[in-house]
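As structure tokens, the structure follows; a few thoughts come after it.
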Amino acid sequence: MDFIKEITNRTVPISEFNRGLAGRIFEDVKKTGSKVVLKNNAPECVLLSIKEYTELVEKLEDAMDILMSDERLSNVKSEDLMLQSAFEEKYNLTFDDIEPISEDELE
């Protein structure tokens with residue numbers, strides 16, 4: 001029975017928007033989380049708070065970064081790799097000499 005109650009709490013008929021209840025619906029989304037908007041008893045769209053949306057976008061970006069990293073690593077050949085000490089000797093520098101860049105510089 002809790003499942004049915006949870007589903008009911010997560011849905012909102014589009015007719016409630018038509019009756020001027022958008023403000024209440026948006027506040028409820030901010031407080032309790034996403035809602036599925038029903039039109040003619042079928043899911044039409046999903047309402048998310050800005051916080052939920054931002055979290056989802058960040059998770060998606062992280063997943064895409066991991067996939068890209070995995071793809072790049074799968075194409076690395078051992079003969080293309082160099083030990084850090086060999087790199088430092090070849091280019092006459094140490095990683096201690098390099099200043100880290102800020103996140104602002106990356107954007």
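Just so you know, these numbers come straight off a predicted model, no measurement behind them.
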Can you give the donor-acceptor pairs under 3.5 Å from side chains of residues 66-74 to other protein atoms, not counting sequence neighbours?
{"unit_1": "S74", "atom_1": "OG", "unit_2": "E71", "atom_2": "O", "d": "2.7"}

*In chain order, what residues pass the side chain to side chain contact (heavy atoms under 4.5 Å, CB included) check against K51, with sequence neighbours excluded?*
S49, E55
*Can you name the side chain to side chain contact (heavy atoms under 4.5 Å, CB included) partners of K77, sequence neighbours left out?*
E79, D80
*Would you say L81 has more than 12 foreign heavy atoms packed within less than 6.0 Å of its CG?*
yes
Could you list the donor-acceptor pairs under 3.5 angstrom formed by side chains in residues 17-46, with sequence neighbours left out?
{"unit_1": "R24", "atom_1": "NH2", "unit_2": "E16", "atom_2": "OE1", "d": "2.4"}
{"unit_1": "D28", "atom_1": "OD1", "unit_2": "T32", "atom_2": "OG1", "d": "3.4"}
{"unit_1": "D28", "atom_1": "OD2", "unit_2": "K35", "atom_2": "NZ", "d": "2.8"}
{"unit_1": "T32", "atom_1": "OG1", "unit_2": "D28", "atom_2": "O", "d": "2.8"}
{"unit_1": "K35", "atom_1": "NZ", "unit_2": "N9", "atom_2": "O", "d": "2.4"}

*Considering residues at least two apart in sequence or located in another chain, which fulfil the side chain to side chain contact (heavy atoms under 4.5 Å, CB included) criterion with A63?*
none
*Any ring-ring contact (aromatic ring centres under 6.0 Å, His included) pairs touching residues 38-84, not counting sequence neighbours?*
none
*Which residues satisfy the side chain to side chain contact (heavy atoms under 4.5 Å, CB included) test with F95, sequence neighbours excluded?*
Q84, F87, E88, I98
